[in-house]
Amino acid sequence: MEAYLSKVEHYSKVFNQTSKRYNSISLLRLLSIFFCLFMLFYYIKTNEIGYAITAFLSFAGFLFLMRIHSKLSFKRELTKAILKINEDEISYLKREKLPFENGIEFNDFHHPYAYDLDIFGEHSLFQNLNRTAVFIGKKTLADKLLSLSSNEVILENQEAIKELKIKIDWRQDFEALAIVSTDSKSAYDSLIHWISFKNNSLSKVLISLSFILPALFFGFVIAYFITSKANLLSYVTYIFIFNLIVLGRSLKRIQSEIAKADNIDKTIKHYSLLVQKIELEKFESKKLIALQKQLVSKNASVSSHLKQLSELFSRMDTISNFVTAIVFNGSFLFNLHVLKALLKWKEDYAHELENWINIIGEFEALNSFANLAFNNADFVFPEINSEYKIGFENLGHPLLNPATRVGNDTHFYPESFMILTGSNMSGKSTFLRSLGINMVLGGIGSVVCASKANIHPLPVLVSMRLSDSLADSESYFFAEIKRLKQIMDALEEGPAFVLLDEILRGTNSDDKRNGTIEVVKKVIGKKAIGAIATHDIEVCLTTNDYPETLTNQCFEVEIQNNELHFDYKLRSGICKNKSATFLMQKMGVI
């Protein structure tokens with residue numbers, strides 16, 4: 001937190017200084033334009049050239065101040081964004097608020113673990129991790145949390161995250177640029193629509209006219225000024241009108257090219273700034289270098305290509321300004337030339353554009369994981385193996401308050417499947433979620449909430465929290481059976497890490513017990529690794545038949561001074577103490 005407090009102090013000063021300069025330039029800009037008008041008034045009144053020169057210099061000064069004002073405005077925005085980034089991190093670490101987007105739009109109730117492990121939604125893993133600001137970054141982070149990477153990619157991600165972890169200044173500058181971009185899904189979709197929209201190239205006749213007609217127009221204008229022959233102005237007028245007719249014939253083509261592209265120039269401009277930030281940084285990790293190398297196309301930087309595209313869309317916007325469109329196109333078919341350049345850009349680079357944007361998303365996602373590692377110095381990168389060994393020391397849930405979080409040592413070798421018992425509120429479900437979330441993080445390349453970890457990355461399959469699907473006319477029980485079927489089908493494709501919490505709650509006790517035992521037998525028969533939580537002691541006896549595969553672990557509860565006491569520590573064996581009767585008696589239920 002010290003790093004964030006120091007940055008808040010520094011950037012507060014920078015913001016105040018920049019704001020003062022910004023306000024001063026705003027005042028000078030206003031005074032310069034008033035002075036220009038004042039000098040013009042006296043020039044008109046006296047016809048003295050000195051006033052005209054002074055007015056011209058004042059206007060030039062106004063333009064110069066406009067340029068400075070624009071730069072200060074952008075610097076002010078960036079500084080404000082960085083200041084907010086650090087203030088948010090302080091509030092987050094103090095556990096005062098969770099000011100980040102929760103990614104609820106990515107939630108998938110049919111995914112093997114997204115809903116059960118609270119990957120998305122309020123107070124979710126995504127919301128705690130998320131430090132993205134552009135849509136593709138948010139989407140890339142969500143995709144990573146929903147899938148398992150190969151061991152090679154995991155190790156590359158670990159190396160990249162380790163490097164980005166210590167680049168806090170670069171990460172925050174990158175995030176600030178992303179924040180001021182005000183990017184959105186609609187802007188991203190507009191750009192993807194433009195890429196996918198294929199148009200035929202312009203006809204040779206139209207291209208020829210776009211050069212011949214403007215040449216004739218300016219030729220006759222110059223001839224008029226040289227000869228002062230009035231009839232030349234008639235020719236200029238005819239060509240002006242003919243230019244507009246030619247443009248009118250091409251108007252539908254222009255409109256189809258820029259359809260759904262409102263303000264897309266600003267979005268692309270900010271993409272170019274983000275890409276430039278990547279291009280200019282020196283990286284050492286294999287993955288970051290590989291991503292950076294992809295930002296060169298046709299011997300030029302991708303940021304320069306994106307700036308060119310942004311300028312082309314910006315110029316094309318003049319078609320919506322009636323006066324500008326008439327003057328520019330009547331004179332030299334301006335928008336036709338822009339259309340030609342836009343089509344040429346699309347032909348040259350459109351097939352690469354989506355990949356360039358995806359690289360921005362990749363960096364934003366990796367920055368989010370790097371931020372997790374920076375905020376939690378006690379978290380570790382797990383060792384990766386291919387021997388189906390999974391073990392954690394001091395395993396905890398990464399979203400719990402570190403001041404009260406209780407860690408547990410656990411391993412899944414030589415026994416590969418755990419039967420977990422314990423009374424309600426003793427910590428069984430939290431422990432299962434801790435296992436699941438840390439396996440998800442480890443399968444991406446992130447740090448995990450443990451003091452030591454060694455994992456074989458596996459698909460995570462979970463049945464912990466299901467809800468009745470009224471829209472699908474499904475009961476809780478049927479939804480649970482479908483989830484178990486989904487797990488069994490997935491295990492047909494290979495081993496996985498399976499977590500089951502009190503399954504078959506929708507049937508009678510005998511049916512539930514027998515069904516649970518059969519499920520355990522089947523998942524271990526399919527080489528699954530993982531754990532099942534249950535209240536049925538008879539299920540625990542299954543370990544007698546499979547001593548090399550199954551192990552009993554438990555969470556105990558103690559009654560101290562007529563109060564329930566939970567220590568949330570994992571123990572070997574079967575739970576002995578019970579709390580339900582005591583709690584109901586204490587609360588007067590029975």
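Along the sequence shown, the residues carry numbers beginning at 1. For the numbers below, each heavy atom of this structure counts, side chains included, while hydrogens, waters and symmetry mates do not.
- Taken from CD1 in I195 to CG in L353, the straight-line distance is 4.0 Å, to the nearest 0.5 Å.
- Cation-pi check for K277 over F174 is not met; the charged atom does not lie both under 6.0 angstrom from the ring centroid and within 45 degrees of its normal.
- Within the 4.5 Å cutoff, no side-chain heavy atoms of S181 are placed close to those of T267.
- Between K185 and E105 there is no salt bridge, since none of the side-chain N atoms of the basic residue sits less than 4.0 Å from a carboxylate O of the acidic one.
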- [ ] Mind running side chain to side chain donor-acceptor pair (under 3.5 Å) on Y568 and N408 for me, showing each step along the way?
- [x] CA-CA 8 Å; Y568 307 113; N408 283 289; over 6 Å; no
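- The closest side-chain heavy-atom distance from L98 to F100 is below 4.5 Å.
- Take D511 and apply the salt bridge (charged side-chain N to carboxylate O under 4.0 Å, His left out) test, not counting sequence neighbours, and it matches no residue.
- Annotation: side chain of L550 is in contact with side chain of I419 (closest heavy-atom distance under 4.5 Å).
- Classification of the F431-F555 ring pair by plane angle, with boundaries at 30° and 60°, yields perpendicular.
- Counting only heavy atoms from C-beta outward, the side chains of I119 and N107 never approach each other to under 4.5 Å.
- Residues satisfying the ring-ring contact (aromatic ring centres under 6.0 Å, His included) criterion with Y546, sequence neighbours excluded, are absent altogether.
- Taking the charged nitrogens against the carboxylate oxygens, E101 and K138 do have a contact shorter than 4.0 Å, which makes a salt bridge.
- Using a 4.5 Å heavy-atom threshold, the side chains of M439 and I455 count as touching.
- For the atom pair D173 CG and I85 CD1, the distance stands at 8.5 Å (nearest 0.5 Å).
- Salt-bridge annotation for R131 and E175: absent, with no side-chain N of the basic residue lying under 4.0 Å from a carboxylate O of the acidic one.
- For F417, there are no ring-ring contact (aromatic ring centres under 6.0 Å, His included) partners two or more places apart in sequence or in a different chain.
- Using a 4.0 Å cut-off between charged side-chain N and carboxylate O, E163 and K282 make no salt bridge.
- N376 places none of its side-chain heavy atoms less than 4.5 Å from the side chain of V447.
- For F374 and Y4, the ring centers sit closer than 6.0 Å to each other.
- With respect to K452 and E383, no salt bridge is recorded, no charged nitrogen being found less than 4.0 Å from a carboxylate O.
- Using a 4.0 Å cut-off between charged side-chain N and carboxylate O, D169 and K7 make a salt bridge.
- Here H111 and Y113 bring their ring centres to under 6.0 angstrom of each other.
- With respect to K521 and D545, no salt bridge is recorded, no charged nitrogen being found less than 4.0 Å from a carboxylate O.
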TODO: Determine, step by step, whether N514 and E538 satisfy the side chain to side chain donor-acceptor pair (under 3.5 Å) criterion, reporting the C-alpha distance in whole Å, the side-chain angles of both residues, the deciding distance to 0.1 Å, and the verdict.
DONE: CA-CA 9 Å; N514 295 332; E538 290 86 349; over 6 Å; no
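- In this structure, F412 and F497 have perpendicular ring planes: the angle between them is above 60°, well past the 30° mark.
- The cationic group of R171 does not satisfy the cation-pi geometry with F363, failing either the under 6.0 Å distance to the six-membered ring centre or the 45° limit from the ring axis.
- In summary, the aromatic rings of Y188 and Y271 are positioned with their centroids too far apart to meet the 6.0 Å limit.
- Note: F126 and F106 have tilted aromatic rings, judged against thresholds of 30 and 60 degrees for the angle between ring planes.
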